[in-house]
Amino acid sequence: MNFSNLVRQHWAALRALLVLTVILGIAYPVFIWLVAQLPGLNDKANGSLIEIDGKLLGSSLIGQSFTDADGNVLVQYFQGRPSAAGDGYDPLATSASNLGPESIVDAPDKPSLLTQVCERSATVGETEGVDGARPFCTGDGVGAVLSVVGPRDARGKVVKPTRVISVNEPCATTQKPFLDTYEGVRVECRQPGPEGDAYSIGQLVPIRGSAPADFVVPADAVTASGSGLDPHISIPYADLQVKRVAAARDVSAEQVRDLVAAHTDGRFLGFFGEPTVNVLQLNLALDQKYPAKS
């Protein structure tokens, strides 16, 4: 290949690069940006930001924590879902806990998903003045799980327990496990160190307990969303909080329910999912219409 042909080929490649850069790198992004600024689209394109009196308060797409510096619930506000994103609703650390249904045994420095659900349910029950009891939870708010040690049958099930350990109740925190006996064997608390690790050779048995099947605290009150940023809660969880918020703001429950209804989003396309309540928008509306008494 002679020099002139080489120059022509590189010049053609350079022209193609320049043309594609103008079209795809400048014209197309500008066109999309202009379309996004059309009425009806610009709010979402700009981040669905919420401003009141010129002050930026957040985005309707990202939840916020309504707690004090110590993490205590601010009773005048509706509470959102738990969040595993950073310290809570951190857009720079959006994530889930990565714990699944089989996470039922607490690690020394990390509670299982079951215990987290039990703790949250008990806390919500106390905050809202309802029964926070939940199946497979102890009265102290940890996962009710036993390790049953003994000979097993062909399917791996223990047929004659010789030792039973409550794996989520360390002896340092309780001397009396949630269950006295299991199949005639005394239930022990979990000892520290290698002695406590004896549970690993046993069969893990979750104990349902006496909690009603229709428990009061809904699922979204005790589980985080996949992103950790979801600003919505279910209607049952919102209903559960109406009485507390109304009392804190010295208004009727019906007045608060009207605001809840005004900030309820219907099913997507009319049939996907369930109606949800945007907590951030609802709390801002409450502050504007029914300011809490100082």
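Only a predicted model underlies this, so the values are computations on that prediction, with no experimental measurement involved.
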| query | Between the main-chain N or O of G184 and the side-chain N or O of T181, is there a donor-acceptor pair closer than 3.5 Å? | reply | no
| query | Just checking, R134 and F215: is the charged tip under 6.0 Å from the six-membered ring centre and within 45° of the axis? | reply | yes
| field | P135 versus P212, closest heavy-atom pair with distance | value | CG-O, 4.0 Å
| message | Would you say N72 and T67 are linked by a side-chain donor-acceptor pair, where the criterion is simply a distance under 3.5 Å? | response | no
| Atom pair CG/OG of L280 and S65 - distance to nearest 0.5 Å | 11.0 Å
| If you measure from OG on S166 to CG on L179, what distance do you get to the nearest 0.5 Å? | 8.5 Å
| T115 side chain to G143 main-chain N or O, any donor-acceptor pair under 3.5 Å? | yes
| said: Donor-acceptor pair, distance only, cut-off 3.5 Å: does the side chain of N168 make one with the backbone of I104? | reply: yes
| said: Any side-chain to backbone donor/acceptor pair from Q79 onto F66? Under 3.5 Å, distance only. | reply: yes
| said: I'd like to know if the side chain of T264 and the backbone of V277 have a donor-acceptor N/O pair within less than 3.5 Å. | reply: no
| Can you tell me how far the CG atom of L284 sits from the CG atom of L282, to the nearest 0.5 Å? | 9.0 Å
| Whether over 12 other heavy atoms sit under 6.0 Å from D87 CG | no
| field | Over all atoms of both residues, closest heavy-atom pair of H232 and D265 | value | NE2-OD2, 3.2 Å
| task | Report yes or no: does T138 contribute a side-chain atom to a donor-acceptor pair with the main-chain N or O of V142 at less than 3.5 Å? | result | yes
| field | Exercise: identify the closest heavy-atom pair between S227 and A85 | value | O-CB, 4.0 Å
| task | Consider only side-chain N and O atoms of R244 and T127, and report whether a donor and an acceptor are under 3.5 Å apart. | result | no
| query | Looking only at heavy atoms, what is the nearest atom pair of A285 and H263, with distance? | reply | CB-CE1, 3.4 Å
| note | Heavy-atom nearest pair, S97 first then A84, reads N-CB, 3.8 Å
| Test side chain to side chain contact (heavy atoms under 4.5 Å, CB included) applied to F78 and V260, step by step | CA-CA 10 Å; F78 281 84; V260 170; 3.7 Å; yes
| query | To the nearest 0.5 Å, how far apart are SG in C189 and NZ in K176? | reply | 11.5 Å
| field | Distance (rounded to the nearest 0.5 Å) between R186 CZ and I165 CD1 | value | 10.5 Å
| Can R249 be said to sit on top of Y77's aromatic six-ring, NZ or CZ under 6.0 Å from centre and within 45° of the ring axis? | yes
| remark: Rounded to the nearest 0.5 Å, the CD1 atom of I235 sits from the CZ atom of R257 at a distance of 12.5 Å
| task | Give a yes or no on whether the backbone of V158 and the side-chain of Q203 come within a donor-acceptor separation of less than 3.5 Å. | result | yes
| V256 reachable from L74 in the ILVMFWY side-chain graph, under 4.5 Å edges | yes
| said: Does R163 form a salt bridge (Lys or Arg N to Asp or Glu O under 4.0 Å) with E188? I'd like the steps, not just the answer. | reply: CA-CA 8 Å; R163 187 180 182 191; E188 309 170 26; 3.0 Å; yes
| field | Between Y89 and D230, a side-chain donor and acceptor under 3.5 Å | value | no
| request: Output yes when a side-chain donor or acceptor of S103 lies under 3.5 Å from a complementary backbone atom of G100, and no otherwise. | output: no
| Should the heavy atoms of other residues, nucleotides or ligands under 6.0 Å from CD of Q255 be counted, would the total exceed 12? | yes
